[in-house]
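Let me begin by presenting the structure, written as C-alpha cells, before commenting on it.
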Amino acid sequence: MTRLAVLGLGHETNTFSTVPADLATYEDGGIHRGQEMVEHYATSQATFAGFLAAQDDDPDPAELVPLLAAWINPCGAVTAEAFETIVGEMVDLLRREGPFDGVLLGLHGAAVAEGVHDADAEITSRVRAVVGPDVPIGVVVDMHANVDERLVEACDVLLPYQTNPHVDPRERGIECRSRVLEIIRTGRRPGLALEMLPLVVTITRQDTAEEPMASLLARSRELEQLPGVLDVSIVEGFPYADVPQMGMSVVAAHEDGREAAAEVARTMAAEVWAAREQLQGGGLSVDEGLDRVAEHTGDEPLLVLDVGDNVGGGGPGDSTVLLAEAVRRGIDGVVVVLLDPATVAALAGREVGERVEVAVGGRSVEQEGRPVPIDAVVVGRSDGRYEEPKIAHGGLRFFDAGDMVALRTTEGVTVVLTSKLVQPITPNQLRSVALDPSSFRAIVAKGVNGPRAGYADVCGGHLVVDTPGVTRLSVEAFAYAHRRRPMYPFEPATAYPADARDS
Ligand SMILES: [Zn+2]
C-alpha cells in the first residue's frame, strides 16, 4: 500500500511585529500529533482536512499517516527554539515512521524564523533531505505566501490557495494529494516554475470576488485549459514581511517540463503586472468610517474592517482606535472584540447583569490606542470555545478564545473581551457569549478579507477603515531593509520584466 506522510508547520510572520512566535505559544493548543491531528482537522475545511479526506472514489487508496501539524496565529518571527524543536520533531517522525512513498506538507508560505528568512523553503529542504530525491513532496501554501525558488526546488507539487477569503484550503489539499499519487503511480514528474513579480498588492484589493483579482483568476483558469498545463496559480504574497521574496508571484505546473511551466507562468505574470495600478487602493479614514456607521440605518449590520489591527496579518487584536471613537461619539449598536486577558481575569466571578467599571484593550505595545474606560453591564460569558462547521476563511473548525466576557456600556456599545488571540472568522464567536450578531448596527472585525466569508450571512456590506498599526494599509509606511528594489508601488517607475523599457 502507498504510504503518505501528512505533516506541516504554519506561520504567517509579520516581521514588523515584536510579538515572537515562541514555543510556548505553539504548545498552547497549536500543535496536534497523530490522532489529535485527525480530530482537530479531519472535519474542518483546512488544508490538513484535504490531505486526510476519505478516498472513497479511489480503487487503490493510500495509507495516510498523520504525523504533526503546528499552526498558530500570525505574529512576529518564529523563535529559533520553536523552529528547531518543531521542525526537529517533524524530521524525527519522518525517519521513525517511514519509509514513505510521498509527503504531504501543509505550510503557510510566509513564515520567517530567527535567522531563516525563508522558513518554508528551509522546512521543505529538510524534509527533502530525509526522504531523498525520489519521493514526491506535495506542498499546499496560503495565498499570502511569499514564494522563492528554494521552496520550488525542494518540492514536486506546489498549490497555493486561490481564494481570499480562503475558502478552498481543503480542496487544494485533496488536489495536492491526487498530484502526489499520480507522480508515484506514473513515475512522471511535471515541471514546476515560479515567476516572481516586483509587485505588492494592497490588502484592500486582495478579495478574489472583487476586481481586479476576479478577472485575473478567471484568466488563470483559462490558461489551465491549454494542453499540458496542470496548474496556474496567482500568489498574492504577504506585504508585512521584510524579506527578499516578499511580493506577488505566479506558480505553474506543466506536463512538458520546467521551461513549459515557466512560459505559462510568465504569460500570467504579465497580465498581473498590467493590472498593477488596480491592485492598489485605499480605505476610509477613522472619521469617515464612523460617520458611515452613525448614518447606517439598514436592517443588517455593517462589517467594519479594522485594517491596522488585522489579527490575520499579525495585529495584536487589542487596538482601541475604533472603539475609543465609537464610545466618544456615543454610537450605539457597535460591537468590538478585543484581546484583554487581564481584564477578563479581573472580572472573574462577576455575573451577567452586574455593573462594572473597567478600562479595556490598548495594552500591547503594537497598537496606538490606549485602554478605554467604560461603565458597563456584563451581558454574556463563556469559556471561549466555539465552532464554525461551514466553510469560512482558512477552513478551521474549532476555536479557543479562552474565557470571554461581553460588556455593554450605558451608551449601547458592546465590547467582547477574549483571553486568547483568535481571528475574527465567524459570527459564532458573538453567539457564544449570548449576543445576536444580526442585532447590531456595526460589527468591528480585526481583519480585512478574512472576516468577509463567515460574516456574509449576517452583515449587509462592509467598510474598510485605514487604522494605524503593524498591519496598516499603506506599506510605504514601513521601513524595509531586505525587500527587493525596485518594487511597485514603492518605486513607481519599476519595470517588469526588469529589462523592459518604460512605456
Ligand atoms: Zn492568508
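Just follow the structure's listing: the first ligand is 1, and inside any ligand the first atom is 1.
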Output yes when Arg150 and Glu122 qualify as a salt bridge under the 4.0 Å nitrogen-oxygen rule, no when they do not.
->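 Looking at Glu122 together with Arg150, the answer is yes, because their closest N to O distance falls below 4.0 Å.
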
Minimum-distance atom from the Zn ion (ligand 1) among N, O or S atoms of [X]:
X: His166; value: NE2
X: Asp142; value: OD1
X: His144; value: ND1

How about Ser215 and Glu211: does a side-chain donor come under 3.5 Å of a side-chain acceptor?
-> yes

Examine the side chains of Thr25 and Asp28 and answer whether a donor and an acceptor come within less than 3.5 Å of each other.
->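 The criterion, which ignores hydrogens and geometry beyond distance, is not satisfied for Asp28 and Thr25.
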
Do Arg177's NZ or CZ and the ring of Phe51 fall within the cation-pi criteria of under 6.0 Å and 45°?
-> no

Near the Zn ion (ligand 1), is there an N/O/S atom from His393 that is less than 2.8 Å away?
-> no

